[in-house]
Q: 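Here you go, one structure.
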There are 2 protein chains.
Amino acid sequence: MRTKATLKHISQSLNLSISTVSRALKNHPDISDQTKQKVMELASLMEYEPNTHAINLRTNKSKTFGVIVPVISNYFYHSFIAALEEDARRLGYALIILQSSDDPQIELENLRICRMNRVAGVFVSITANTKDIKPFLKLDEVDIPVIFFDKVPDFEACNKICLADTEAATMAALTIIRKQKKKVLAIFGNEEMSISKKRKQAFLSVIESQSSSMEVISEHADNADDAFMLTLKYGAKTGFIDTIFSMSDEILTGVMRAIQKLKKNVPNEIGIISICNNNFIPRMYDPEISFVETSGADLGKLAIKRMMDHMSGKTFVQELTLPSRLVEGGSL
Amino acid sequence: MRTKATLKHISQSLNLSISTVSRALKNHPDISDQTKQKVMELASLMEYEPNTHAINLRTNKSKTFGVIVPVISNYFYHSFIAALEEDARRLGYALIILQSSDDPQIELENLRICRMNRVAGVFVSITANTKDIKPFLKLDEVDIPVIFFDKVPDFEACNKICLADTEAATMAALTIIRKQKKKVLAIFGNEEMSISKKRKQAFLSVIESQSSSMEVISEHADNADDAFMLTLKYGAKTGFIDTIFSMSDEILTGVMRAIQKLKKNVPNEIGIISICNNNFIPRMYDPEISFVETSGADLGKLAIKRMMDHMSGKTFVQELTLPSRLVEGGSL
DNA sequence: GATGTTTGCGAAATTGTTTGCAAAAGGATA
DNA sequence: TATCCTTTTGCAAACAATTTCGCAAACATC
């Protein structure tokens, strides 16, 4: 194994001091042009590359962001991560990805990894069971900004980037009202999750206040299979429901499998509308599913923008919300 | 901002030398039990955490793997990454994720990031246009092992972890023959990609050698929309084809959208079989789609195992192949 | 000729951890 | 008391890059 070139090697070869070489490579005005040229030539010949570890040690910072998510394999998070990575690389940062597997213990361990690596900042979507957010706030104390996204803590004063849960559910409800539907099956996610609560609350209150004639059956599904069963149960009787609202991509997949099993015609026999991360799942069916978009990719871009703002001194805490938009597909 | 505790701080507080503190924390036999206890107590009190950058500089290694993929947002890669992350964390390694966006230039830049970070190893799936793999081999020279996975270079002597492309396509073909189908539309991916070539070659040669009565229409689709159009084209005429074979998840989504549009009954009017990454997409339809599994998650586990073997001295180069298996879903 | 300014560069400190070697301290034995 | 261990600890170098301080010498100004 050939060892990598260092400033020292270059300086010895040229009979210069290390500092001179360093400055020459940075085009520092202190150094004469001839010296600069000599140094640069030799550096590229020796394939010199600065040692990140040495720089990190010296500056006590690294050009790296930590990203902690419950799971990577989820259409929302991976599009978030992909968008984040693109912008981060453009800005000269790399991403360390850590999964908590929805386990607060592992989450804590991941925070430790971020601290030890002195990352420049952390993006985190907390687990469903994270109670104590003090460990997160502690990072701020050692000058590592923390941006919460998607699943954010309830009360504390911290930086949050959220989807417009209320707005998205409201949009979906209004669309259903506009289409003059009368009997809706609304399927929400796990009853404990705050995102389910928010969306349910918004959805139902819109229906209640804006439409007197509509009936809503509201149910919860923990996964696609639950949604499949619920759809079968209510959809089996002809004409019992005329619309299904799904709160997420995952629920939508269960609903649509049941719709196919029941051989229901969409949108004539039954209308479908969902809240989705992007057009990936909605475009897998015919007709394409109408949905309210809450984009993971857009959230990623918003998150890194907030991070850069924060690092450049705009340190005030705030909660940002990503607007959503309706994409009509023909299923309602 | 409170500064983080260092060995120096601890040593000064206790009137010991830095080296004594260092060794005490590592439970080195040289240090007396009382000293060890004193040190450990203070260390935990001061919330001491070793500085990764200093360790990295000292050892010229980091407990980090680099992962370079064309895109993250892809059902194959993100399940690969998720599996890799789980095992890596268990072994004390973090993951730096880099997307090449299928651009060889960015890929090169990402390699540079890996070198500069002196990662412990690199997992890479090359872009469709990567011609020159010398830069990858160069990493090996500076003692950074490189494991190619999924999209691997053709010829060179390097570590490769591949899906069993030939086997998977063969399995699918044999299944179709077993079901005594007569007229098959086979849709493969982009014509230039080696994975398409391999699967096509295997599929066709099995059909040719094992079945005299079967007719195959072979087509290429660059994306889901292409597959949608092809399926519409050939599926419109009743009874013209009795089976569709899809080479990938993405193609399958296009095929199924068309099937729904044509209101074809699966499997009675038309049979479907696909090669898929996991059961995610196949389970979105009813009946569930029969598929040959080429699991990204399993490939991730295999890749990290190979990496660890390589790092512990089993340095011989080899090509490993992940076996595939048939999952019957009811669509054929 | 004295003083100030600029140019070009080097020495040394800094960052936190590890480690080989030296050495001190203490006890036991001759 | 001298010698020899053993146990325990400290010194100093090494890792690579950056940065501060400041030295000289050249040059300009009065």
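On a predicted model such as this, the values are computed, not experimentally measured, just so you know.
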Q: Mind calculating the distance between CG (B:L57) and P (C:dG16) to the nearest angstrom?
A: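 Interatomic distance, CG of B:L57 to P of C:dG16: 12 Å.
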Q: If you look at every strand shown and take non-hydrogen atoms under 4.0 Å, does B:I55 touch a base, only sugar-phosphate, or nothing?
A: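 Sugar-phosphate contact only.
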Q: Is the backbone N or O of A:Y75 less than 3.5 Å from a side-chain atom of A:N277, with the two atoms forming a donor-acceptor pair by type?
A: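 Pair found, side chain donor or acceptor close to backbone of A:Y75.
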Q: Measure the distance from NE2 on A:H53 to C1' on C:dT18 and round it to the nearest whole Å.
A: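 So the NE2-C1' distance, A:H53 to C:dT18, works out to 15 Å.
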Q: In whole angstroms, how far is the C1' atom of D:dG10 from the CG atom of B:L14?
A: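 These atoms are roughly 15 Å apart.
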Q: Can you tell me how far P of C:dT18 sits from CG of B:L25, to the nearest Å?
A: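 The answer, rounded to whole Å, is 9 Å.
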Q: Answer yes or no: does a side-chain N or O of B:K26 lie under 4.0 Å from OP1 or OP2 of C:dT17?
A: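 Checking C:dT17 against B:K26, no side-chain N or O comes under 4.0 Å of OP1 or OP2.
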Q: Rounded to the nearest angstrom, tell me the gap between atom NZ in A:K8 and atom C1' in C:dA12.
A: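 Atom NZ in A:K8 sits about 14 Å away from atom C1' in C:dA12.
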Q: Under 4.0 Å, heavy atoms only, any strand: does B:N51 hit a base, just the sugar-phosphate, or nothing?
A: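 Result for B:N51 = sugar-phosphate.
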Q: Do any N or O atoms from the side chain of B:K160 and from the backbone of B:D154 form a donor-acceptor pair under 3.5 angstrom?
A: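 Side chain of B:K160 to backbone of B:D154, a donor-acceptor pair under 3.5 Å: yes, one is there.
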Q: Relative to the ring of B:F149, is the ring of B:Y77 parallel (under 30°), tilted (30 to 60°) or perpendicular (over 60°)?
A: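 Aromatic pair B:Y77/B:F149 classed perpendicular.
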Q: If you count heavy atoms of other groups shown closer than 6.0 angstrom to CD of A:E319, is the number above 12?
A: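 Atom CD in A:E319 is packed in, count exceeds 12.
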Q: Under 4.0 Å between any heavy atoms, over every strand shown, what does A:E49 touch: base, sugar-phosphate, or nothing? Just pick one.
A: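 Here A:E49 touches the backbone only, sparing every base.
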Q: Would the base of D:dC15 count as contacting B:N60 through its side chain, where contact means a donor and an acceptor less than 3.5 Å apart?
A: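 It does not, because no donor-acceptor pair links the side chain of B:N60 to the base of D:dC15 below 3.5 Å.
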Q: Reckon A:T59 touches a base, only the sugar-phosphate, or nothing at all at heavy-atom distances under 4.0 Å?
A: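 Here A:T59 touches no strand at all.
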Q: So among A:N110, A:I126, A:I96, which one has a side-chain contact (heavy atoms from CB on, under 4.5 Å) with A:I68?
A: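 One option only clears the test, and that one is A:N110.
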Q: From C-beta outward on B:D30, which listed nucleotide comes closest to its side chain: C:dT15, C:dG8, D:dT8?
A: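 Output: D:dT8.
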Q: Is A:R112 salt-bridged to B:E49, cutoff N-O under 4.0 Å?
A: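 The answer is no: the pair does not qualify as a salt bridge.
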Q: Taking only the side-chain heavy atoms of A:L7 (C-beta and beyond), determine which of C:dC9, D:dA17, D:dA16 contains the nearest atom.
A: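 Selected nucleotide (nearest to the side chain): D:dA17.
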Q: Reckon A:Y48 has a side-chain N or O less than 4.0 Å from the OP1 or OP2 of D:dA17?
A: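 Answer yes for this pair, as a side-chain N or O of A:Y48 is under 4.0 Å from OP1 or OP2.
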Q: Ignoring hydrogens and angles, does a donor from either the side chain of A:R58 or the base of C:dT15 sit under 3.5 Å from an acceptor on the other?
A: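 No such pair is found, so the answer is no.
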Q: So if I take the C1' atoms of five pairs at each end of the helix from C:dG1-D:dC30 to C:dA30-D:dT1 and get each local axis, what angle do the two axes make, rounded to 10 degrees?
A: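 Helix axis angle between the two ends: 70°.
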Q: Kindly state which residues belonging to residues 15-23 of chain A come within less than 4.0 angstrom of DNA chain C, counting heavy atoms of the residue only, listed by number.
A: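 Output list: A:N15, A:L16, A:S17, A:S19, A:T20, A:R23.
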Q: State yes or no: are the ring centers of B:F123 and B:F148 separated by less than 6.0 Å?
A: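 Centroid distance B:F123-B:F148: not below 6.0 Å, so no.
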Q: For B:K61 and D:dA14, give me the distance from atom NZ to atom C1', rounded to whole Å.
A: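 Distance check: B:K61 NZ to D:dA14 C1' gives 18 Å.
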Q: Checking contacts here: which listed nucleotide (C:dC9, D:dA17, C:dG16) is nearest the side-chain heavy atoms of A:T6?
A: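 Side chain of A:T6 sits closest to D:dA17.
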Q: Mark yes or no for whether A:T6, through its side chain, and A:K8, through its backbone, hold a donor-acceptor pair below 3.5 Å.
A: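 Yes, the answer is positive, given that a donor and an acceptor are paired below the 3.5 Å cut-off.
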Q: For B:P29 and for A:A54, locate the closest nucleotide of DNA chain D by heavy-atom distance; then report the residue assigned to the nucleotide nearer the 5' terminus.
A: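 The 5'-side residue here is B:P29.
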Q: Output the rounded distance in Å from NE2 (A:H9) to P (D:dA17).
A: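 These atoms are roughly 9 Å apart.
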Q: Figure out the CD1/C1' separation between B:I10 and C:dG16, and round it to whole Å.
A: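 Atom CD1 in B:I10 sits about 11 Å away from atom C1' in C:dG16.
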Q: Going by the angle between their ring planes, with limits at 30° and 60°, are A:H78 and B:H78 parallel, tilted or perpendicular?
A: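 The arrangement is parallel - the two ring planes meet at less than 30°.
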Q: Do we get A:K63 above A:Y93's six-membered ring, with its NZ or CZ under 6.0 Å from the centre and within 45° of the axis?
A: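 Geometry flag: set, cation within 6.0 Å and 45°.
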